[in-house]
Amino acid sequence: MSMLEQLTNRDQVFDFLAPVASPVDVRHGPILYLEDVNVSFDGFKAINNLNLTIDDGELRCIIGPNGAGKTTMMDIITGKTRPDTGSVWFGSRHNLLTMNEPDIATLGIGRKFQKPTVFEALTVFENLELAMAADKRILPTLTAIMKPENRDQIDEVLEMIGLKDLRDKLAGILSHGQKQWLEIGMLLMQKPRLLLVDEPVAGMTEQEMERTAELLTSLAGKQSVVVVEHDMGFVRSIARQVTVLHQGGVLAEGTMDQVSNDPEVIKVYLGEEA
Amino acid sequence: MWLTRPLQERSTQLFLGILIAALAVVTVLHLAMPEDSALHVSAYTVTLLGKYLCYALLAVAVDLVWGYLGILSLGHGAFFALGGYAMGMYLMRQIGDRGTYGDPILPDFMVFLNWDSLPWYWHGFDMAWFAFAMVLLVPGALAFVFGYLAFRSRVTGVYLSIITQALTFALMLAFFRNEMGFGGNNGLTDFRDILGFNLRTDATRLGLFIATGIALAIGYVICRGIVTSKLGRVSIACRDAEARTRFLGYRVERVQLFVFVVSAMLAGVAGALYVPQVGIINPSEFSPLFSIEVVVWVALGGRATLYGAVIGALLVNYAKTVFTGVMPDAWLFALGGLFVLVTVFLPKGIAGLLQKRRKAPDNDRSNPREATA
Amino acid sequence: MSIIRRSLTSLLIALACLMSVPAMAQEDPGRELLVNLAEAPSSRVEEAINAIVDSGDERARGWLEAYGNNRLSRVKDTGQVVLVLNNRGRDWEIADPLTGENLGEMSRRKLDRVAINNAIRGKLEGIMAMLDLNAADPDVREASAADMMGKVDAALVAPLQARLEKEESAAVRDRIEAALAIYRVEQGDIEAVEVLAGSLHPRARAALNNAAASDSPQLVEAANKALASIEQKLKLNKAAETLYFGLSMGSVLVLAAIGLAITFGVMGVINMAHGELIMLGAYTTWGVQQLLPGQPGLALLLSIPAGFLVAAIAGIIIERSVIQHLKGRPLETLLATFGISLILQQLVRTVISPQNRTVVTPEWMSGSLVINDALSLTLNRLYVMAFALIVFAALMMIMRKTRLGLDVRAVTQNRAMARSMGIKATKVDILTFALGSGVAGLAGVALSQLTNVGPNLGQNYIIDSFMVVVFGGVGNLWGTLIAGLSLGTINQLLEPWAGAVLAKIIVLVFIILFIQKRPKGLFPQKGRAAEN
């Protein structure tokens, strides 16, 4: 909406006067709701009539071959990409299509990228500090002082992700798997209502994968988690509910067993793997 | 407090210590040594050093946005020049009726152009407090408008560099026009006094030199305060992974805008102190070449260190003074070669060399990915 | 003064051509004609002039012109009639009017001016005009008829009518008719107004303006109507001229930017020395012309491949020595290449000269294409426009249809993948950069025909070029073409009311604002790949 429209529209308060992110309303069921979403890039339909509902506290796995639209879907939910048509709601109160990335993040959606993205010129500790839930406006950030309880909180997460000894090392020197952990740690510091996790176990050892699975399942219930993953073994180990994406739309949905017996799914995805 | 935090840092204490010592030594050598002594620092040299310090402050401002925010501004000369023009306008108004044409209100060039009254934007500049406020506000306002538009639409990287260059180029063309009311080609000059002190006396020159040194110290502490705060770490985050920072809930465009505006204001102050010392401000300060030269000072000194910017500015400008005196034709070769050598062989600048000696890579704030790429 | 001098020179050239039959000089009938003129008492001068006219001698016009300008003299001792080339100072430079041979200087005391009175002088002009009007060359006839517009008097009407009946060239007929119509309008003839209604010639308009101020209401009305229709036509022509200048400026921008569209747009390399590569192309043109003095046309044609090669080689050196070490660091590349641009500028200043060099425009490129009295298109701009389009088409072909184009697109989209498919990425880098640089050289060759060639030539274009590429959408050659042409046109449209400098500022600010609104230019690339 242009500035002018905003100023002349009388039945709406200005953006900057509106109260800061009101709590997410999940009384009416789902925490995330995508309906008839469509996106195309230069004629290529990346997302095609996508419908998806995530319940509060759910742990959902999303699988699908390359180009199925998984990452684009995450881009839409986090405000990076705007769909051509459709609607995306967070709870029953927040229309995500009217919000930008920082607002969506502040509202309680955290995202872990496919390629681990940490701030390499900052230490592990500082990475977590930046992720920490706090007032993220300019002046409060400028004058922010680290309180003891904040420090404890960061140490707690450092413990959880196993990077305690590296706390003052630059994140740039971490291994691929350690970066994955650090990014998960940053996600935890954000305390989001909904976690979007893109390929969390790529580059991890068996034990690390197990720990990740443990961590994600323990989060479910308190928080909602959406995991995009290629590793079938990992998906099987955590999934209760699985959604299969294909060519930008939902091909099948159900438990892992239901999905892996679906002939359509076998044809387009699992069949290729076998 | 974010501003006092740097004062507890060893590096800042060291920087301030050296700066104050240098100011004191120059002052003493200028005042106490007899003129024929080899140790005497002439008024000319004092002013020259004052000019270098102005450049150093400008370089610190550029390093703040380039080093810590990843925004390579090729238009910081514009903020510098705007601050300079604000100061120049004040100095022009101070001339009063002592100009060639003796008009009590109109500066000489306006009389020459047959203007019969002062343009509206020249009003108020006879008052020092107003002019000094404008030194901060005009560059700040331009940076705010430009930055607001650019950062909101996520123009970054090379694109931003190119349009900052276009911005300063457009301003240069504009200021060359007589109709703009800033003296056109000749700019503003023939200044008499500042705050009642005669600009042509040695004492005033020394005073301006010391004032510049203090401004540099304050500017350095402000920048250091920002970069050591959480906001500084967010800036680095914006520089290295803009999208990621956004998904953490930071409004990247506001961080960029804030730092950019602060930097533009510092550049404005540098320009304002520069003008009374060199005695003239003209549109050439807007030239794209000057702005990009500043970037090379920073690159030579070492990005994202602040003190490196100061070292770079002093070294390059000293070299420039020497070169243009001895063999003026060679200067552009040297400068051009410096651009190439620094970017290809010395990506971390002189500060990088110093750090390597101290073997303290943990403190290296520059982007390791870029340096190894 | 200089006009006289020029026409005298042209006369001499014409005479020199006739000299090819030197034997004729002895029994040249011209000698007698001139001597007669010189010796004639004032009552018989007219007769002598008519004799010259009637002789049909091709040199007649020049003689009469010299006579009218007091440049015909007799040598007191010999009685020979001579042309005075320069009558300043004590010694005058003289030439033989029959052969054109320069006879050196002679004291003015030894010379006797062939006298002319004002009555004759007044008639002489008409006589010369009629001479021209009956010349064999239709262009001379047309020019002469055009010159007569507004100068026709009662005495000239009959000969003009006579000429009109004989005249075969439509263009000359139009002119004669207009000249006659002006005379008739001056006499108050309303019907003649209509003849002038379509004319764009300033004298026709002047005549109509006078008519519009006359006492006769009908004449005033008719004249005003005709003037309005002329005004309309003039506006149209003015618009066409602005468009022409706009497209011309635009094609220069396209030429300057198109190489950048390759190196920056396709390869992602920021080459701030691009402007200096343009400069090298322009200096190459100058250099080739120095090597081939007197043959500017051939030199210019040779400069096209030479300029391309010089700039391409310079580009390869820059790529190998600097840019390849800065891969993936666009901001550093920007700084380093800026340094190179400084070095190249200073190199030219030191080695050649800090002053501008003039590049000669070959004859077939100078002059202009005259559409009508209000609109003429300068040929050099027309050629540059065509050249720009050819270069653009050629680049388009290279990028779309050749192996190199395919490799370039493969390497820029996914370097690692392209290499694994057996494409030599380094070689592609070099070739692409050489291509972009070479095109910059071509731009320089073209620019040398429009502007001064100096060390700052490139600097003046670098910011504009980047603006064009960014405005058009990086990586899109069509975008560059459209952006260049439209920016050139916008600039020219603004110029009349804003002035050149302000127009440029407005365009710059416009682009700056435009990029804020659409950071990816007019024709952005979409998709996930485009964002990384």
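Every chain is numbered from 1 and lettered A, B, ... according to where its sequence line falls, protein lines coming before strand lines. Only heavy atoms go into these numbers, but all of them, side chains included; no hydrogens, no water, no symmetry mates.
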A.B. asks: Search all heavy atoms of Ala503(C) against all heavy atoms of Asn491(C) and return the closest pair with its distance.
C.D. replies: CB-OD1, 3.4 Å
A.B. asks: Applying the side-chain contact (heavy atoms from CB on, under 4.5 Å) test to Leu332(B), which of Leu342(C), Leu344(C), Ile343(C) qualifies?
C.D. replies: Leu342(C)
A.B. asks: Who wins among Ala243(B), Gly157(B), Ala150(B) for the most heavy-atom pairs under 4.5 Å with chain C?
C.D. replies: Ala150(B)
A.B. asks: Residue by residue, scan residues 166-176 of chain B and write down, ordered by number, those that have a heavy-atom distance under 4.5 Å to chain C; if none do, write 'none'.
C.D. replies: Ala166(B), Leu167(B), Phe169(B), Ala170(B), Leu173(B), Ala174(B)
A.B. asks: Test: ring-ring contact (aromatic ring centres under 6.0 Å, His included). Region: residues 328-347 of chain C. Which pairs qualify, not counting sequence neighbours?
C.D. replies: Phe339(B)-Phe338(C)
A.B. asks: Under 4.5 Å from any heavy atom of chain C, what part of Phe333(B) do you find: side chain, backbone, both or neither?
C.D. replies: both
A.B. asks: Checking side-chain polar atoms at under 3.5 Å, does His274(C) have a donor or acceptor matched by the opposite partner on Thr263(C)?
C.D. replies: no
A.B. asks: Heavy-atom distances under 4.5 Å only: say whether Trp331(B) touches chain C with side chain, backbone, both or neither.
C.D. replies: neither
A.B. asks: Where on Leu338(B) is there a heavy atom nearer than 4.5 Å to chain C: the side chain, the backbone, both, or neither?
C.D. replies: neither
A.B. asks: Kindly assign one of parallel, tilted or perpendicular to the pair Tyr85(B) and Phe286(B), based on the angle between their ring planes and the thresholds 30° and 60°.
C.D. replies: parallel
A.B. asks: So which pairs with a foot in residues 290-301 of chain B pass salt bridge (charged side-chain N to carboxylate O under 4.0 Å, His left out), sequence neighbours left out?
C.D. replies: Glu293(B)-Lys320(B)
A.B. asks: Heavy-atom distance under 4.5 Å to chain B: side chain of Leu513(C), backbone, both or neither?
C.D. replies: side chain
A.B. asks: Just to verify, what does Trp115(B) make a ring pair (Phe, Tyr, Trp, His ring centres under 6.0 Å) with, not counting sequence neighbours?
C.D. replies: none
A.B. asks: Step through it carefully: locate the ring centre of Phe146(B), locate the ring centre of Phe151(B), and say whether they are under 6.0 Å apart.
C.D. replies: no
A.B. asks: Taking side chain as everything from C-beta outward and backbone as N, CA, C, O, which of these in Arg349(C) sits under 4.5 Å from a heavy atom of chain B? Side chain, backbone, both or neither.
C.D. replies: side chain
A.B. asks: Take Ser353(C) and Arg357(C), measure what side chain to side chain donor-acceptor pair (under 3.5 Å) needs, and give me the verdict at the end.
C.D. replies: CA-CA 8 Å; Ser353(C) 157; Arg357(C) 303 275 108 173; 3.2 Å; yes
A.B. asks: So which of Asp329(B), Ile292(B), Ile163(B) has the largest heavy-atom pair count under 4.5 angstrom toward chain C?
C.D. replies: Ile292(B)
A.B. asks: Do Gln345(C) and Glu276(C) have side-chain N/O donor and acceptor atoms under 3.5 Å apart?
C.D. replies: yes
A.B. asks: For chain B, which candidate among Leu335(C), Leu326(C), Leu508(C) shows the most heavy-atom pairs at distances under 4.5 Å?
C.D. replies: Leu335(C)
A.B. asks: Below 4.5 Å, heavy-atom pairs only: which of Thr350(C), Leu347(C), Val509(C), Val322(C) has the largest tally toward chain B?
C.D. replies: Leu347(C)
A.B. asks: Students often mix this up, so state it plainly: with edges at 30° and 60°, are the rings of Phe290(B) and Tyr55(B) parallel, tilted or perpendicular?
C.D. replies: tilted
A.B. asks: Based on non-hydrogen pairs under 4.5 Å, which of Leu502(C), Ile340(C), Ile515(C), Ile270(C) is most in contact with chain B?
C.D. replies: Leu502(C)
